[in-house]
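Reading through the structure tokens given below for one structure.
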Amino acid sequence: MAAELTAHQLIAQHRPTLDLALETIRTRAYWSPHPEHPKAYGENGSLDTAAGKAAFYALLGTRLDLGQPGTDGWVGGEVSPYGVELGVEYPHADLDVLLPAMKAGQKAWRDAGAELRAMVCLEILRRIADRTMEFAQAVMHTSGQAFMMAFQAGGPHAQDRGMEAVAYAYVEQSRTPEAAEWTKPQGKRDPLALTKRFTPVPRGIGLVIGCNTFPTWNGYPGLFASLATGNAVLVKPHPRAVLPLALTVQVAREVLTEAGFDANLVALAAERPGEGIAKTLATRPEIRIIDYTGSTAFGDWLEANARQAQVYTEKAGVNTVVVESTDDYKGMLANLAFSLSLYSGQMCTTPQNLLIPRDGIRTDQGDKSYDEVTADLARAVDGLLGDEARANALLGAIVNPDVKARLEAAAGLGEVALASREVTNQEFPDAVVRTPVIVKLDGAKPGDEAAYTSECFGPVSFAVAVDSADHAVELLRRGIREKGAMTVGAYTTDPEVEEAVQEVCLDEAAQLSLNLTGGVYVNQTAAFSDFHGSGGNPAANAALCDGAFVANRFRVVEVRRPA
């Protein structure tokens, strides 16, 4: 098939967007080309909410044929956390056929150069953006996110993160010039003169191992970082969240074909129930890059065993908030209540441990005891989630039975400050929706330590009584160093406490948010400005997104000859 997208067309359309992205990662200011409110998408076909929903439901019970080589069967079986059986079938790949086919297209893709690769990637993102409402439904019904969150995090915010990775990839590849004339004086003799050419070359095939909770938001950075640096990319979705990434692969293959490249530069590796192909793929010699989001245990296994690959992991940690004092008690409680409730705490950035001095805290409403703070926070969460419609819009659904089991077990770990309750979803009565639980623990009791020093993924938080601000800082440091943290929060009006918390986060490489009381929350980050993770503590070995996240996905090869 002849190319339908010329390099000139792609550059004319997308170069201004890339330039804005490059400027924004330099300034760290706010910018997004993807609107984050549904009203911005208007009544225009596939972007309309109703049309997107119809497009999603039209996919149910169908076979998504991507035209990949080596298809030896069809797999599926996704069931929405809201109770809808998706019934979509995906190609199952014979890896011995698919992987060589993926490598075949890399030469032309490498030779295209950094700018054209970036333009193709931005065209893929544009077409995904054109189907944002459809993708939102796919994310909602595989992750259990409520619609608004699935729309924002699974749509514009994920697209922003993908574009951010493309921008960083372009910067790193452009750091070295394509050619140079080199002349070395030799005194009375003729100078030595060489012509040198420098070419970014890909490592090989990148493997993206998708997660259940944020398939696009966590999948797009690695996918586009590898693709933009010249690598083919094999996407291995989580078995319960295949559809969003399968649709992504479908769009990518269409754009690559139209731009004159091999569609097999991007492919899908769906698996049969219980097949567990991630380990098999991760150690194959063709796989040279791995991006993984998920459990610490498997992330550690990848880092130890996928020796032939450059491995980027976002695992898990114990996120902590130090509550020492505040000049906006009401705002602090509202901010924390929202952070604990959003998507039922099923985010790698949700706070787990709230370290509160047992003697209480200073506030603009007077001194508050430890018991008062925990009780007031419980009331704030109850007030936030008191209306069932609003509760459903914030909580979404419990993504899998393991999260529900952890939530139910948490109540037995200590005194319950806020009990979890069941919420009914009128539209989806089979959805499992639960409010958060807050459990009171004592930071000085060895028996409580096992609970608050272990990750408890889901809507579970521990209000940990500590002896002092110094004790809180000590526990914070130990927690980051031993377990890692994707986020750290602190509330304090004391400059010395603020400095101590900041110093811990600088020492242990953890991202810190101070005194958030408004519409920005500790568990949210903005592409182009905020770093998600740091790569410097056990929670993750990479940050989304910085130069280090892309620079080792390619190497620069030099060819020199006499001038």
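Since we're looking at a predicted model, the values are computed, not measured. One is the number of the first residue; the rest follow in order along the sequence.
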| task | Evaluate whether atom CD of Glu496 has more than 12 neighbouring non-hydrogen atoms of other residues, nucleotides or ligands under 6.0 angstrom away. | result | no
| field | Donor on one side chain, acceptor on other, Thr525 and Arg161, under 3.5 Å | value | yes
| said: I'd like to know whether Glu508 forms a side-chain hydrogen bond (donor to acceptor under 3.5 Å, both in side chains) with Asn537, so could you lay out the CA-CA distance, the side-chain angles of the two residues, the decisive distance to 0.1 Å, and finally the verdict. | reply: CA-CA 6 Å; Glu508 306 298 337; Asn537 69 64; over 6 Å; no
| Trace of the side-chain contact (heavy atoms from CB on, under 4.5 Å) decision for Leu385 with Arg421 | CA-CA 10 Å; Leu385 303 176; Arg421 63 180 176 84; 4.2 Å; yes
| query | Are any side-chain N or O atoms of Thr132 and backbone N or O atoms of Ala129, one a donor and one an acceptor, separated by less than 3.5 Å? | reply | yes
| message | Please check this pair: side chain of Arg117 against backbone of Ala228, looking for a donor-acceptor N/O pair closer than 3.5 Å. | response | yes
| said: Ring of Phe531, cation from Arg28 - is the NZ or CZ under 6.0 Å from the centre and inside 45° of the axis? | reply: yes
| request: Check whether any side-chain N or O of Thr199 sits under 3.5 Å from a backbone N or O of Val201 as a donor-acceptor pair, and report yes or no. | output: no
| Judged by modelled atom types alone, do Gln308 and Arg284 share a side-chain donor-acceptor pair under 3.5 Å? | no
| Exam field: side chain Tyr452 to backbone Asn353, donor-acceptor pair closer than 3.5 Å | no
| task | Could you tell me whether a side-chain N or O of Glu164 sits under 3.5 Å from a main-chain N or O of Gln159, the two making a donor and an acceptor? | result | no
| query | Can you list the steps and then say if Arg362 with Asp494 is a side-chain contact (heavy atoms from CB on, under 4.5 Å)? | reply | CA-CA 10 Å; Arg362 300 181 312 281; Asp494 186 326; 4.0 Å; yes
| request: Decide, yes or no, whether a salt bridge links Arg175 with Glu172 under the criterion of side-chain N to carboxylate O below 4.0 Å. | output: yes
| query | Should Glu303 and Lys315 count as an ion pair when the cut-off is N to O under 4.0 Å? | reply | yes
| Ionic contact status for Arg379 with Asp376, cut-off 4.0 Å | yes
| Is the closest side-chain heavy-atom distance between Arg26 and Val171 below 4.5 Å? | no
| task | Indicate whether any N or O donor in one side chain lies under 3.5 Å from an N or O acceptor in the other, for Ser226 and Arg553. | result | yes
| said: Which residue is it: Glu324, Glu498, Glu499? I am looking for the one with a side chain to side chain donor-acceptor pair (under 3.5 Å) to Thr492. | reply: Glu324
| message | Looking at Lys236 and Asp291, is there a salt bridge between them, counting it only when a charged N and a carboxylate O are closer than 4.0 Å? | response | no
| field | Residue pair Arg110 / Asn231, side-chain donor-acceptor N/O under 3.5 Å | value | no
| query | Do His532 and Glu314 meet the criterion of a side-chain donor-acceptor pair at a distance under 3.5 Å? | reply | yes
| said: With a 3.5 Å distance limit and no angle check, can you tell me whether Asp160 reaches the backbone of Ser32 through a side-chain donor-acceptor pair? | reply: no
| message | Could you check whether any side-chain N or O of Asn305 sits under 3.5 Å from a backbone N or O of Trp301, counting only pairs where one atom can act as donor and the other as acceptor? | response | yes
| message | Between Asp442 and Arg358, does any NZ, NE, NH1 or NH2 come within less than 4.0 Å of an OD or OE carboxylate oxygen? | response | yes
| request: Using a strict cut-off of less than 4.0 Å between a Lys/Arg side-chain nitrogen and an Asp/Glu carboxylate oxygen, indicate whether Glu455 and Lys483 qualify as a salt bridge. | output: no
| said: Check this for me, if you would: do Lys440 and Asp371 make a salt bridge, where the nitrogen-to-carboxylate-oxygen distance has to be below 4.0 angstrom? | reply: yes
| request: Go through the steps to decide whether Tyr292 and Tyr312 satisfy the test ring-ring contact (aromatic ring centres under 6.0 Å, His included), and finish with yes or no. | output: CA-CA 6 Å; Tyr292 168 75; Tyr312 300 90; over 10 Å; no
| Do the side-chain N and O atoms of Ser325 and Thr493 include a donor-acceptor pair separated by under 3.5 angstrom? | yes
| query | Under the ring-ring contact (aromatic ring centres under 6.0 Å, His included) rule, what pairs show up with a residue in residues 455-511, not counting sequence neighbours? | reply | none
| Is a donor on one side and an acceptor on the other found under 3.5 Å between the side chain of Glu503 and the backbone of Ala500? | no
| said: Which label fits Tyr220 and Phe224: parallel for a plane angle under 30°, tilted from 30 to 60°, or perpendicular past 60°? | reply: perpendicular
| query | How are the rings of Tyr343 and Phe214 set to each other: parallel, tilted or perpendicular (split at 30° and 60°)? | reply | perpendicular
| query | Side chain of Arg390, backbone of Leu384: donor and acceptor closer than 3.5 Å? | reply | yes
| field | Asn319 versus Gln352, side-chain donor and acceptor atoms under 3.5 Å | value | no
| query | Does the distance from a Lys or Arg side-chain N to an Asp or Glu carboxylate O, for Glu449 and Lys445, drop under 4.0 Å? | reply | no
| query | Side chain of Glu271, backbone of Gly276: donor and acceptor closer than 3.5 Å? | reply | yes
